[in-house]
Amino acid sequence: LVDDHHLVRAGLITTVNDLGDYVVTVEAGHGEELIQALEQTAEPPELAIVDLNMPVMDGWATIAWLHEHRPNIMPLALTFDASEEALVRAVRAGARGFLLKNAKPEVLRLALDSIRITGYFYDDDAHGTLKRNPDRLTPKERERQQVLDALTPRELELIQLICDERELTYEHIAHVMDIQRRTVEG
């Protein structure tokens, strides 16, 4: 269990342990502490409940690390943030489930059971969001993609030259694109 708030972590430990079929075996205040704890653990946990908003190493980075280095540990993202961006980022990082911190203990049990049995848990809202977003883009990424899709190849070339790290002059850009300098300025 990974959460930077001591009282929340203590409450979650009690809640999970009171479920009967689950016992918290590792606890940490952020991702780096989890990595250190896992290195000291002879038998790694099957599941990891990971808060998304933490200092040092946040939940998205922690979930991505687990996905890459400990793929047998199935992470459940836990957060107050019900935004599409938080969900999409968690899923892309490798979260097997997404649960809001205001969930009741029976929903937490359902999430843990579902992840153990099927490998995944998403409530109806999260499932609907993921179904409407098969490309797994955050709203900002989707907006950026729409802007890029609206540009012609020539407009994109101009923007790339203007943003070039060599800081090209308008004259140079005009020469490269075979257009008038005033067109570049406009």
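Residues Ile179 and Leu168 share a hydrophobic cluster, clusters being chains of Ile/Leu/Val/Met/Phe/Trp/Tyr side chains in contact below 4.5 Å. Connection of Leu161 to Leu156 is not established within any shared hydrophobic cluster, with ILVMFWY side chains joined at heavy-atom distances below 4.5 Å, either directly or through further cluster members. Put simply, Ile159 and Met177 are part of two different groups of oily side chains (I, L, V, M, F, W, Y) that touch within less than 4.5 Å, one to the next.
Within the hydrophobic cluster formed by Ile, Leu, Val, Met, Phe, Trp and Tyr side chains joined at under 4.5 Å, directly or through other members, Ile13 is accompanied by Leu1, Val8, Leu12, Val16, Leu19, Tyr22, Val24, Leu47, Ile49, Met74, Leu76, Leu78, Leu99, Val107, Leu108, Leu110, Leu112, Ile115, Phe121.
With rounding to the nearest 0.5 Å, the separation of CD in Glu185 from CD in Glu171 is 7.5 Å. Arg92 CZ to Arg89 CZ: the interatomic distance, rounded to the nearest 0.5 Å, is 8.0 Å. Taking CZ of Arg116 as the reference point, atom CD of Glu46 lies at 4.5 Å (rounded to 0.5 Å).
Between Arg9 and Asp51 there is no salt bridge, since no side-chain nitrogen of the basic residue lies less than 4.0 Å from a carboxylate oxygen of the acidic one.
No hydrogens or angles considered: nothing links the side chains of Gln160 and Asp164 as a donor-acceptor pair under 3.5 Å.
Shortest non-hydrogen contact noted between Lys101 and Asp3 is NZ-OD2, 2.8 Å. Considering every non-hydrogen atom in both Phe98 and Ala90, the closest pair reads CD1-CB, 4.1 Å.
The environment of Glu155 atom CD is dense: over 12 non-hydrogen atoms of other residues, nucleotides or ligands sit within 6.0 angstrom. Counting non-hydrogen atoms of neighbouring residues, nucleotides and ligands closer than 6.0 angstrom, the CG atom of Asp124 reaches no more than 12 such neighbours. Counting non-hydrogen atoms of neighbouring residues, nucleotides and ligands closer than 6.0 angstrom, the CZ atom of Arg166 reaches no more than 12 such neighbours. Residue Glu157 places its CD atom among more than 12 non-hydrogen atoms of other residues, nucleotides or ligands, all under 6.0 Å distant.
Residues in residues 167-186 take part in no ring pair (Phe, Tyr, Trp, His ring centres under 6.0 Å) pair, two or more places apart or across chains. Contacts classified as side-chain hydrogen bond (donor to acceptor under 3.5 Å, both in side chains) and involving residues 102-112 (residues at least two apart or in different chains) are given here: Asp21-Arg109.
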Got a list of side-chain donor-acceptor pairs under 3.5 Å for residues 31-45, not counting sequence neighbours?
residue: Glu33; atom: OE1; partner: Gly29; partner atom: N; Å: 2.6
residue: Thr41; atom: OG1; partner: Ala37; partner atom: O; Å: 2.7

Identify each donor-acceptor pair in which a side-chain atom of residues 53-65 lies under 3.5 Å from a protein atom, sequence neighbours left out, and give them as a table.
residue: Asp58; atom: OD1; partner: Trp60; partner atom: N; Å: 3.1
residue: Asp58; atom: OD1; partner: Ala61; partner atom: N; Å: 2.8
residue: Trp60; atom: NE1; partner: Ala86; partner atom: O; Å: 3.3
residue: Thr62; atom: OG1; partner: Met57; partner atom: O; Å: 3.4
residue: Thr62; atom: OG1; partner: Asp58; partner atom: O; Å: 2.7

For residues 66-73, dump all side-chain donor-acceptor pairs below 3.5 Å to protein atoms at least two apart in sequence or in another chain.
none

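Side-chain atoms of Arg96 come within 3.5 Å of backbone N or O of Gly119 as a donor-acceptor pair.
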Worksheet item: Taking it one step at a time, do Asp81 and Leu52 satisfy side-chain contact (heavy atoms from CB on, under 4.5 Å)?
Response: CA-CA 9 Å; Asp81 186 354; Leu52 293 180; 5.9 Å; no
